[in-house]
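Inspection log for the structure reproduced underneath, given as structure tokens.
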Number of protein chains: 2
Amino acid sequence: MSGENEENEALQASSDSLRRPIRSDAKRNTDALLAAALAVFSISGVDAPVREIVETAGVGIGTLYRHFPQRADLIAAVFRREVDACADAAPALMETLNPADALAAWLQRYTDFIAAKRGLAPALHSGDPAYATLHGYFQSRLEPVLQKLLDTAVLAGAVRSDVDANDLLRTVANLCMSANGTDFSLARRMVDLIVDGLRYGAHGKA
Amino acid sequence: MSGENEENEALQASSDSLRRPIRSDAKRNTDALLAAALAVFSISGVDAPVREIVETAGVGIGTLYRHFPQRADLIAAVFRREVDACADAAPALMETLNPADALAAWLQRYTDFIAAKRGLAPALHSGDPAYATLHGYFQSRLEPVLQKLLDTAVLAGAVRSDVDANDLLRTVANLCMSANGTDFSLARRMVDLIVDGLRYGAHGKA
DNA sequence: TATTATACGGAACAACGTTCCGTTTGTCAA
DNA sequence: TTGACAAACGGAACGTTGTTCCGTATAATA
């Protein structure tokens with residue numbers, strides 16, 4: 001369903017140093033860090049101290065920074081799979097539902113994903129250049145998907161045409177900004193309200 | 001127009017220690033800190049380092065913490081006036097515009113206020129207990145105003161009835177979360193979209 | 001087994017918010 | 001005017017963050 005990322009999570013350098021495969025201890029520690037990060041993030045949120053993660057993983061701080069030079073690289077690695085799953089959920093919705101409902105359903109899917117990760121939304125939109133690659137991955141993966149959903153709905157005359165995919169992605173993330181990690185009902189309701197706004201514009205005005 | 005806070009910004013203890021008025025140097029330093037904070041916030045955002053503020057004000061760190069025991073107390077003091085102004089803007093709008101447009105206009109007013117203060121929205125919704133009083137002041141001052149706008153619009157049949165004031169306040173603040181301080185066009189557009197969603201519900205469904 | 005690129009671990013650094021306390025100063029009674 | 005003292009001042013110092021650096025350990029190869 002995915003199409004392009006065939007499970008080569010830990011791809012080694014492909015161009016020059018194709019000598020020397022990944023050392024076994026490096027692989028082991030990388031895995032331990034990813035597992036620890038996933039666990040710690042789900043308890044303390046994405047802002048959890050680095051030391052808490054390395055302690056959980058049972059490795060030194062230096063090891064963390066060797067494998068993930070920036071804090072955001074660790075976050076990106078942890079959530080890559082889930083971003084992909086979110087993107088891959090679109091086609092099924094488009095086959096099952098009418099264009100406007102498919103759009104609404106996918107946005108709720110995305111809402112649930114972001115809202116469940118406490119601290120993710122603030123990090124994505126902090127403007128901190130450290131999170132640029134994380135933000136870039138989200139955008140490159142999700143923007144085309146949402147754009148297609150939008151285009152289809154606009155073509156069907158179900159939705160206004162003056163909103164673009166990136167704006168919507170940013171907006172949903174913003175709406176999830178204050179979700180505790182457990183209560184995203186407000187975010188869900190507000191996303192629905194926005195979808196209604198999109199519908200209103202289709203025949204109402206502009 | 002305000003009605004209750006008659007410029008007693010620096011009220012001294014009213015109950016017990018009514019002995020000893022405020023010392024002149026204390027008053028001077030408090031004013032300097034407020035002015036410096038306002039200036040620094042507008043340049044570096046609400047997250048600006050404390051040391052930058054005390055340096056600008058020309059006082060020591062200890063002095064800052066004497067007058068504003070928590071960082072949020074300083075923020076609250078700086079923005080109190082503006083929160084009041086925002087709340088006080090409602091009656092005029094309600095006289096001039098129809099209920100739905102008055103609601104929309106006031107929400108845009110609030111949007112501009114929050115979006116212009118970089119870092120304010122994240123602070124308000126950080127969940128950090130340090131910001132509880134700041135959040136409390138915003139809510140106590142703005143919630144009644146917005147509730148009245150909402151009630152009026154609902155009564156006129158211009159807007160759906162299943163959204164409450166606090167949710168809307170939180171939502172708008174969330175939408176402003178990623179505003180740089182200069183570009184709030186996205187936030188404005190999304191607030192408009194939400195207002196359209198409110199209108200859609202009035203006759204469409206729900 | 002010897003060699004060596006690679007990875008490891010944690011001390012150390014810089015920046016932050018906040019606390020603490022010895023020193024200074026404004027105010028008021030004498 | 002002067003003395004005394006509550007009040008306020010300033011900044012060193014603490015605890016916590018993310019990140020860097022480098023001496024040491026080790027997995028892979030010849």
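Bear in mind the structure is a predicted one, so any value in this text is a computation, not a measurement.
- With rounding to whole Å, A:R71 atom CZ is found 14 Å from D:dT20 atom P.
- Applying the salt bridge (charged side-chain N to carboxylate O under 4.0 Å, His left out) test to A:D31 and every residue at least two apart in sequence or in another chain returns A:K27.
- Ring orientation note: the planes of A:H125 and A:H135 are nearly perpendicular, at an angle over 60° on the 30°/60° scale.
- The side chain to side chain donor-acceptor pair (under 3.5 Å) check on A:Q70 picks up nothing, with sequence neighbours excluded.
- A cation-pi arrangement is not found for A:R160 relative to A:Y200, the charged atom failing to lie both closer than 6.0 Å to the ring centre and inside a 45° cone about the ring normal.
- In terms of the side chain to side chain donor-acceptor pair (under 3.5 Å) criterion, residue partners of B:D112 (sequence neighbours excluded) are, by chain and number, B:R188.
- When rounded to the nearest whole Å, the span between CZ of A:F68 and P of C:dA7 equals 13 Å.
- Residues B:T133 and B:F138 have side chains not in contact (no heavy-atom distance under 4.5 Å, counting atoms from C-beta outward).
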Dot-bracket for DNA chain D, please, read 5' to 3', with Watson-Crick or G-U wobble pairs under 3.5 Å on both distances, ( ) within the strand, [ ] crossing, | other strand, . unpaired.
-> ||||||||||||||||||||||||||||||
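- The structure places CG of B:L146 at 9.0 Å from OH of B:Y110, a figure rounded to the nearest 0.5 Å.
- One interatomic measurement links the two molecules: CD1 of B:I75 to P of C:dG17, which rounds to 10 Å at whole-angstrom precision.
- Taken from CD1 in A:I194 to OG1 in B:T171, the straight-line distance is 8.5 Å, to the nearest 0.5 Å.
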At a cut-off of 3.5 Å, list every protein nitrogen or oxygen paired with a nitrogen or oxygen from nucleotides 8-12 of chain D, distance to 0.1 Å.
from: D:dA8; atom 1: OP2; to: B:R66; atom 2: NH1; distance (Å): 2.9
from: D:dC9; atom 1: OP1; to: B:D25; atom 2: O; distance (Å): 3.4
from: D:dC9; atom 1: OP1; to: B:N29; atom 2: ND2; distance (Å): 2.3
from: D:dC9; atom 1: OP2; to: B:H67; atom 2: NE2; distance (Å): 2.9
from: D:dG10; atom 1: OP2; to: B:G60; atom 2: N; distance (Å): 3.0
from: D:dG10; atom 1: OP2; to: B:T63; atom 2: OG1; distance (Å): 2.7
from: D:dG11; atom 1: N7; to: B:G62; atom 2: N; distance (Å): 3.2
from: D:dG11; atom 1: O6; to: B:G62; atom 2: N; distance (Å): 3.1

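- Under the side chain to side chain donor-acceptor pair (under 3.5 Å) criterion, B:R71 pairs with B:Y131, not counting sequence neighbours.
- Nearer the 5' end of DNA chain C, as judged by each residue's closest nucleotide, is the contact made by B:P69, out of B:P69 and B:S24.
- Rounded to an integer number of Å, the gap from OH of A:Y131 to P of D:dG18 is 9 Å.
- Among the heavy atoms of the strands, none lies under 4.0 Å from B:A72.
- D:dT19 atom P lies 9 Å from atom CG of A:L64, rounded to whole Å.
- Proximity of B:Y65 to the phosphate of C:dT18: a side-chain N or O atom is located under 4.0 Å from OP1 or OP2.
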